[in-house]
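Labels below follow one simple rule: chain letters A, B, ... track the order of the sequence lines, proteins then strands, and each chain is numbered from 1. Keep in mind that the numbers below use all heavy atoms, side chains included, and drop hydrogens, waters and symmetry copies.
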Amino acid sequence: MTHLLEARGLVKNYGHVEVLRGTDFVVDAGQVVALIGDNGAGKSTLVKILSGVIQPDGGEILLNGNPVVFKSPIHARKFGIETVYQDLALAPDLGPAENAYIGRELLRPGFLGKLGVLDKARMLREAAETFTSLGTDVKDLDAPVAALSGGQRQSVAICRAVMWAKGLVFMDEPTAALGVRQTRRVLDLIRRVADSGIAVVLISHNMPEVMEVADSIQVLRLGKTAAHFTAEDADLDKLVGAMTGSIEVIA
Amino acid sequence: MSNIDELKTASTDATAPTASSTATPLDTVGATMSPRSRTIRRMTSSSPFYMSIVLLVLIAVFSIVAPGAFPSIANARNIITDASTLMVMAVGMTFVMVAAGFDLSIGSVLVFGGVCGSMAMTWMGTDNIGTVLVGLLVSMLGGLAWGLFNGFVITRLRVPALIATLGSLGAALGVAQIFTNGNDVRDVPLTLIHISTASFLGLSYLFWVALVVVIIGALVLRTTKFGRHTYIVGSNEEAARRAGINVRRQLMMLYAISGTLAGLAGMMSLTRFATTTIGGHSQDALTVITGVVLGGTSLYGGIGTILGTVIGIFIPAVLQNGFVVMNIQPFWQQVAIGLILIGAVFIDQLKRRARDRA
């Protein structure tokens, strides 16, 4: 069976430090895959490779079974892979709709478009559609993002990624800076994104949260895939055990 | 597994968001609040709105204090003509500052542009509209050169804009003085002097030039992709870069615009005074930045409008004129403008903090 995105035996060295030592990774459409591991286990490096930020020293990446090389995040985006960065990469002075179209602004048809005139009405309308369809609570699509709450800002960043993602969204610690209620909302949003058919790769430190929202959980330890659980047979002890190496479970 | 198919066919064009295909018909987002009341609220809390009130108060005060001299058509014309040169530079400054940049060099670049323009016209030796147009072109190219130099130093050599343009503030004036041995050029073509006294619909041509620059500037900043990218770069440079916006190129173009407009202002100044006024522009950057900041453009980038700048520029212009009309020692103007600049930035800080806390 071919997977949406599959990584085989990824290797990455920084000088003499082996960050990834033959890491495998698999994600399918409509799934939330959580990627967990202790600090330094190679989570960030793996995601950076899979989203085109850095190049692996070895191993291969398959997209729908075909080998691909992502030269840059912009290049990866062209394959329908989006990333929600931990710092969100939003322009705080611009509105949610404007943020959704950063770098991908729509121009007016015809002569005005040739002059570089923006189609603001269409961008506002289509952004509003996405925001509503994902059930986010961002009301005022003109207000600057800086005036929104942390959870709403996170929602804007996620909606933007989902709007453009054709298959896969990486989310780096999306709830790290949020309160309980806002975390709840963002987790619901992540679930809805996956239910719409897009794959979500979630990096998180929060075990209960991971077990709640993820369909499958991949544990990294010292640059290798230490374990692979489905949501049903994962529990806190197993996850922590796999992370720390006290349990050896290669699925 | 339709998403896999979509992923397969995903090509280089990413124009259509796919998530909208799952969207339910939308009327709730707009309906939760009245867009009109939101627009009104936003308008009345904006800097241009406050500043136009301040401007009206200033005009009222000067009119009451100097009823014989200040509120006259001739004086209004004076203020407008005075403000025109500053306005042209302020449009460029607004672009640069919205992108979180800074251009201290404009006063010197104005002088440099004026010197280049006048030298070109002298060298040609003719005296007709063609001479003036060539002078204008040379003047703007001189400004463009300094703008590109600023842009290069800032984006390639990574010298902070404040220092880079402080450097060219000195250098541009120095080069202009080398060209003229430190003396003002006084032999400008007669055609230019005719233009300075001519008017269209009762207003000087300088005003009309400034108006055209303002309108084009406002349209570009407000409605085009170039303008939008300017806001994004100023608001979050890293986000712009990650979204694939060429930040260096954008900044380069913004400083080029600022330089070119300062060159144009050089020609306007030459037209108005029939001399290069080498010593008279050391305060221009201060005045222009004050006007731009008063108009609501944030020193930290990402916020600002040309309309605000237009209102903002008239505050120092009216103040200067009012002080002259009231026979107040001219040094007080500098004191007032300096303090107003500090006050405007303080208010900008307060607003930013209040917003980020929300």
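Counting non-hydrogen atoms of neighbouring residues, nucleotides and ligands closer than 6.0 angstrom, the NZ atom of A:K43 exceeds 12 such neighbours. Atom CZ of B:R222 has 12 or fewer neighbouring heavy atoms from other residues, nucleotides or ligands inside a 6.0 Å radius. No more than 12 heavy atoms of other residues, nucleotides or ligands lie within 6.0 Å of CZ in A:F111, so this atom counts as exposed by the packing criterion.
B:E237 meets the salt bridge (charged side-chain N to carboxylate O under 4.0 Å, His left out) test with B:R241; sequence neighbours excluded.
Counting heavy-atom pairs closer than 4.5 Å to chain B, the top residue among A:G116, A:A199, A:A100 is A:G116. Heavy-atom pairs under 4.5 Å with chain A peak, among B:H229, B:E238, B:R228, at B:R228. Chain A forms more heavy-atom pairs under 4.5 Å with one residue of B:T223, B:I245, B:N236 than with any other, namely B:T223.
Contact detail for A:I102 and B:A239: the closest heavy-atom pair is CG2-O, 4.4 Å. Across every non-hydrogen atom of A:R77 and B:R242, the tightest pair is NH1-O, 3.8 Å.
Looking at A:L118, the atoms closer than 4.5 Å to chain B (heavy atoms on both sides) sit in the backbone and in the side chain alike. With a 4.5 angstrom heavy-atom cutoff, A:D87 touches chain B only via side-chain atoms. Proximity to chain B (any heavy atom under 4.5 Å) is shown, for A:L124, by neither the backbone nor the side chain.
Considering A:N99, A:L94, A:L90 as possible partners of B:I232, the one that fulfils the side-chain contact (heavy atoms from CB on, under 4.5 Å) test is A:L94.
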